[in-house]
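The figures here come from the full heavy-atom set of this structure, side chains too, leaving out hydrogens, waters and symmetry mates.
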Amino acid sequence: MIRIIRSEWQRMWARKKTKVLLFGYLGLLLLMCRFLSAFKVSFYDPAHDVSLNSLNTAPFLFRELSFFLVFILVPLLAVDSFNGETRSGALRMVLIRPLARWRILAAKWALQAIVLAGLLAVTMWTGILFGMWVMPDVATTSFYKTETFGFTGAMGYIIQYYSLGLLILMTVSGAAQLISLWMPNAVFSYAGVIAFLIGGIYVSPRMEFLLMGSDSIFKQLAPSPEADFIGLALGIVTISLAFSFLVWTRRDFKG
């Protein structure tokens with residue numbers, strides 16, 4: 001399986017779009033650091049602002065980047081992994097190898113998770129170190145309606161925050177991969193993903209975590225949670241994986 005994932009990574013990295021997206025994200029990450037250092041203020045939601053300090057900056061860096069992640073980077077990586085390879089013929093070359101189809105699909109899912117986890121790890125540690133070096137130094141801090149935390153407690157909160165952020169991104173990625181298997185080309189697939197993200201809130205208000213991920217995470221982590229999206233997100237990931245498997249094993253990619 002490791003060799004299949006490595007092969008998938010080589011094909012992903014060989015695509016110019018992947019390099020543009022990943023390096024573009026890193027550039028945007030630095031730009032958002034500059035933005036936060038200039039104002040030293042951010043928001044839990046439109047009704048609650050917060051002064052940034054050495055212990056609480058990391059979640060707000062994700063907040064500034066979440067739109068790009070959810071609406072651009074994650075959908076395009078997922079769509080390109082399926083529609084892009086189908087159009088270019090790269091997927092056909094992979095499928096003629098003597099490998100079980102489910103292993104190839106599992107490798108695609110695993111690589112998406114690894115790449116997204118890596119990006120969030122870089123973002124989290126950039127936010128932590130940036131806060132400690134640039135923002136006003138404090139010994140304690142608090143987050144949305146929480147108790148006061150010292151350094152260890154703040155780091156624990158940040159890890160929980162980014163873990164939920166990864167869950168949201170994997171929810172988007174799972175839906176995008178499933179839609180890509182159904183749609184005939186990349187443009188329609190991307191449009192379908194955006195329709196899913198925006199239209200979901202009209203199906204159920206609980207789907208707002210896809211549009212307002214950062215706000216929903218803060219509310220989920222409040223002592224008395226004001227949001228409850230974890231079960232729903234896990235359900236969407238599970239359903240996406242199950243249906244992707246069904247489509248993947250039955251579709252004729254070689255024709």
Fill in: For the student: nearest non-hydrogen atoms of Phe130 and Cys33, plus distance
CZ-O, 3.0 Å

Worksheet item: In the single-linkage hydrophobic clustering (I, L, V, M, F, W, Y; side-chain heavy atoms under 4.5 Å), do Phe151 and Ile159 co-cluster?
Response: yes

Discussion item. Determine whether a donor-acceptor pair (N or O, by modelled atom type, separation under 3.5 Å) exists between the side chain of Glu208 and the backbone of Ser216.
Written reply: no

Worksheet item: Heavy-atom distance under 4.5 Å between the side chains of Leu169 and Val70, does that happen here?
Response: yes

Worksheet item: Is a side-chain donor-acceptor pair under 3.5 Å present for Thr123 with Tyr162?
Response: no

Worksheet item: Which is it for Phe143 and Tyr161 under the ring pair (Phe, Tyr, Trp, His ring centres under 6.0 Å) test, yes or no, and what are the steps along the way?
Response: CA-CA 11 Å; Phe143 297 92; Tyr161 182 96; 8.2 Å; no

Worksheet item: How close do Glu226 and Tyr144 get, heavy atom to heavy atom, and via which atoms?
Response: OE1-OH, 2.8 Å

Please list every donor-acceptor pair under 3.5 Å in which a side-chain atom of residues 57-69 meets a protein atom from a residue at least two apart or in another chain.
{"residue": "Thr57", "atom": "OG1", "partner": "Asn53", "partner atom": "O", "Å": "2.7"}
{"residue": "Arg63", "atom": "NE", "partner": "Phe43", "partner atom": "O", "Å": "2.7"}
{"residue": "Arg63", "atom": "NH2", "partner": "Asp215", "partner atom": "OD1", "Å": "3.2"}
{"residue": "Ser66", "atom": "OG", "partner": "Arg63", "partner atom": "O", "Å": "3.0"}

Response to the item:
Heavy-atom nearest pair, Trp109 first then Gly174, reads CH2-CA, 3.4 Å

Fill in: Ser142 backbone acceptor or donor facing Thr146 side chain under 3.5 Å
no

Discussion item. If only side-chain N and O atoms count, and only distance matters, is there a donor-acceptor pair under 3.5 Å linking Ser173 with Gln177?
Written reply: yes

Worksheet item: How many angstroms lie between atom CG of Leu178 and atom CD1 of Ile236, to the nearest 0.5 angstrom?
Response: 11.5 Å

Worksheet item: Does any N or O in the side chain of Asn56 come within less than 3.5 Å of the main-chain N or O of Ile158, such that one atom is a donor and the other an acceptor?
Response: no

Practice prompt. Say whether, by atom type as modelled, one donor and one acceptor occur between the side chain of Ser180 and the main chain of Ser189 under 3.5 angstrom.
Written response: no

Worksheet item: Taking a hydrophobic cluster as the set of Ile, Leu, Val, Met, Phe, Trp and Tyr residues connected by side-chain heavy atoms closer than 4.5 Å, whether directly or through intermediates, do Met155 and Trp133 fall within one such cluster?
Response: yes

